[in-house]
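Remarks on the structure that follows.
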Amino acid sequence: MDATTTIWRGCLLALAGAMAVSAEGASIPDVTLALEYQWFAHEAEAADYAEDQLLQAAVTWDHLSQDGKWRLDLDAYVAHSRRDDERSRADLRSLSLVYYADRFDIKVGVATEFWGVTESRHLVDIINQTSVVDNLDEEIKLGQPMIKWQTHQDWGNLQLFWLPVFRDRLFPAAGARLSPGLPVDGDTARYASGAERKHQDLALRYAHTLGDWDLGLSYFRGTSRDPLLDVVVNTAGQWVLSPYYEQIEQQSLDLQRTREGLLLKLEAIQRHGSRQGNYHALVTGFEYTQNGLFGTAADLGYIVEYLYDKRGPTANTPFQDDVFAGLRLAFNNIGQTTLLLGMYQDLPDHSQVMRLELDTRLRDNLELSLEGQVFSGVASTDLLYDLRNDDYLRATLRLYF
Amino acid sequence: MMSASQNVFRNFMGALTLVLAAPAWAGLEQIQKIDDPVEKGLAVAREIQQRDAGFGDFVVEAEMILMQGEQVLSKRTFFSKVLEVDGDGDHSVNVFRSPRDVEGTAILIHAHGLKPDDQWLYLPAIKRVKRISTRSKSGPFVGSEFAYEDLSTWLPEKYSHRFLGEETVDGVECLKVENVPAYEDSGYSKLLQWTDKEILRPRRIDYYDRKGDLLKTLTFDDYRQYKGRWWRPGVMTVTNHQTGRSTQLIWKAYRFGTGLTAADFVQSKLDRMQ
């Protein structure tokens, strides 16, 4: 039985359980349709197309039992991309059953868990696998099978996770845009653990608020979510990148001080067990918000963060010694329009990545998002060098039924 | 877990507050005797606060209709849970049901009167809880004509008060008081508030912008009494005189005394507050 079968079996059990508790429920599933159009500004050697379209349909059903003790959370989607087969898939972001007691709760099923405080990178966020094929920003997550127990006490919030199944990272298909120089061949994936995807991962997190400070301390032991990519020859005799998933132990800290308009943020990790040796990494900076810009209702936020990884140029992240500077404009209008403009600047090699995100509600059931990246002056030694011709703009219309 | 004995204790304390507070109700006649307008304004504010003290907690459903003249621009629905906190501002959480793109988004607020509030935002799409900056009091609440400060906990110490006289609003006898915000970053230079003499709740508030011009008017309608004591409006309508836009906020299905405690208003429980 492979990992996927385990996931589905778990999900069916969770669903059956949920049906049983929600027999009297009145809530109905919601459907969302997303239509995405992506333009690329330049020609690229590896991929011979200048635009791509994606259609995604999602079903969400968030159901709370009458007594407020049980909850079912379903979030499933199916997507079809014209150009990138790795983006065409059906998957579950969530199918979980939660039991709420006064001081604790327990969640069983597939779910998403977010940890952290910074904006430019989510360093401490480790529970879920990332879909790099859906967005380079590492914010698109894959549902993670888990049992989560947490308790809410005066001394803070303590969470325990058992993660029985590992999910591989999703990379663009061979011949797709936004790919590394060689295609990533997921079929050649290797795991440090003999149990491969069935290694039992564990995580522990403590979070607490003390006045202006929000603190999170976490521990993770298991399969690293971010693989190292090694050049190998696959069974078809092609040179490809092969993901190698290490067994790691990681301690992390996330910290935020909130005072009036100024937020100070820090995320730091210490990782053991990597074949690259033990290392630490951090993201730290501030976000300052200026309210009522020029007498209007708009708020303007200034974000500056520094990103560091001890491994330097050998790190599997391009953000090993970089500064991120961004502006976030919240119009506070009826469409609740927000605009983010940001730039990552690599300090040693001067490579730049510029990023744009815009979200606005056109009607109460229709949302428009624009997202784009520009790679500028990328050094040949930088991990982003292979993306130098992949400047893109992506427009997504989301229709809610 | 809250034990039965704690519940009994809480009910007992509630009853005690009621008994202790009762003599203060006679305060209206005392207030009438005060000559100094500043002293009298403060006395009115304290009376308003005392009459509403002891409600414990309530849950309510809300619908917000954003309009330009007669044309409906957008609608939002959300529900609120509010917990009274002794000696501080209320704890509250607002959870959006619509529009769909913000469904499940929750805002947790620990209000603190003059000190900035603590606020957390829960974004269900990415399951992220964000502690957010609390200075944007004058900013619009979800694009409506209500500012965050209009909907935050009302406490006497947040304003300096001046009694202006008695006036009738829509046939209701009211006490008219000028309130000047004492907290930082307010969008207003002053508020004129007409408070119902009978139930000691606001009937109308005129907001003046920082330049001193009339900005908007908020009216409170369809007051109902809950649990034989606490008055809450069924409709609040705010009209912006400078833009012609208005927002109607309809409150439905108030439930008082639902047994909420401070332990329910913590960020780690935001995802269950749906």
Side-chain angles (χ1 to χ4, degrees), chain A residues 30 32 60 62 64 68 71 94 98 100-103 105 111-117 125 139 141 150 152-154 156-157 159 207 209 211-212 214 256 258-263 287-289 291-292 295 297-299 301 330-336 359 361 363-367 398 400-401, chain B residues 1-3 66 68 72-76 98-105 110 116 118-120 122-145 147-148 184-185 187 209-211 245 247 259 261-264 266-269 271-274:
Chain A
D30 288 326
T32 308
T60 52
D62 189 359
L64 194 65
R71 157 180 245 147
S94 179
V98 193
Y100 296 123
D102 190 26
R103 286 282 176 184
D105 43 77
T112 304
E113 187 68 25
F114 184 92
W115 298 348
V117 293
D125 187 33
E139 288 195 353
K141 297 294 176 181
Q150 67 173 338
H152 315 270
Q153 302 290 342
D154 298 338
N157 165 230
Q159 309 175 352
T209 300
D212 294 343
D214 283 73
Q256 180 175 315
T258 309
R259 198 171 288 173
E260 296 186 334
L262 183 68
L263 317 179
E287 177 167 353
Y288 176 76
T289 305
N291 296 115
D299 298 330
F331 289 84
N332 293 322
N333 55 352
I334 289 177
Q336 292 180 276
D359 286 290
R361 187 187 306 125
R363 301 169 59 88
D364 280 358
N365 63 347
L366 185 65
E367 187 192 23
R398 231 167 259 110
Y400 298 91
F401 294 95
Chain B
M1 239 173 271
M2 191 190 239
S3 65
L66 282 58
Q68 174 81 56
V72 173
L73 300 175
S74 186
K75 286 184 183 176
R76 287 111 177 70
S98 73
R100 281 281 308 285
D101 63 298
V102 293
E103 185 180 356
T105 301
H110 292 178
D118 296 322
Q119 286 187 32
W120 291 264
Y122 175 67
L123 302 166
I126 53 172
K127 313 286 179 198
R128 180 175 181 181
V129 177
K130 269 177 134 168
R131 176 95 175 253
I132 54 174
S133 152
T134 51
R135 278 182 70 226
S136 62
K137 292 192 184 75
S138 59
F141 177 72
V142 292
S144 74
E145 297 307 319
Y148 279 93
E184 281 178 46
D185 306 304
D209 65 18
R210 286 180 193 148
K211 285 174 278 182
R245 283 199 173 166
T247 299
T261 68
D264 294 313
V266 293
Q267 56 149 314
S268 62
K269 283 190 179 173
D271 67 333
R272 68 155 87 175
M273 278 280 186
Q274 306 290 316

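Fair warning: this is a prediction, and the values are worked out from it, not measured in the lab. So that the names make sense, note that chain A is the first sequence line, chain B the second, and so on, each numbered from 1.
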Query raised in the report: Could you walk me through whether A:Asp30 and B:Glu103 pass the side-chain contact (heavy atoms from CB on, under 4.5 Å) check?
Result: CA-CA 11 Å; A:Asp30 288 326; B:Glu103 185 180 356; 3.3 Å; yes
Counting only non-hydrogen atoms closer than 4.5 Å, does [X] touch chain A with its backbone (N, CA, C, O), its side chain (CB onward), both, or neither?
{"X": "B:Lys130", "answer": "side chain"}
{"X": "B:Val102", "answer": "side chain"}
{"X": "B:Ile132", "answer": "backbone"}

What part of [X] gets within 4.5 angstrom of chain B, counting heavy atoms only: side chain, backbone, both, or neither?
{"X": "A:Gln150", "value": "side chain"}
{"X": "A:Ala297", "value": "both"}
{"X": "A:Phe401", "value": "backbone"}
{"X": "A:Ile334", "value": "both"}
{"X": "A:Asn333", "value": "backbone"}

Query raised in the report: Do you know which of A:Lys141, A:His152, A:Glu113, A:Gln336 has the most heavy-atom pairs under 4.5 Å to chain B?
Result: A:His152
Report task. Considering only heavy atoms and a distance below 4.5 Å, find which of A:Asp62, A:Asp212, A:Thr60 pairs most often with chain B. Result -> A:Asp212
When heavy-atom pairs shorter than 4.5 Å are enumerated against chain A, which of [options] gives the highest number?
{"options": "B:Leu66, B:Leu73, B:Asp101", "value": "B:Asp101"}
{"options": "B:Val129, B:Leu123, B:Val142, B:Val266", "value": "B:Val142"}
{"options": "B:Lys127, B:Arg76, B:Arg245, B:Arg100", "value": "B:Arg100"}

**Report entry** N-O pairing of A:Arg71 and A:Asp105 below 4.0 Å
**Finding:** no
Report task. For the pair B:Arg131 and B:Asp118, find out whether any cationic side-chain nitrogen is under 4.0 Å from an anionic carboxylate oxygen. Result -> yes
Query raised in the report: Can you check whether B:Thr247 reaches B:Phe141 side chain to side chain, under 4.5 Å on heavy atoms?
Result: no
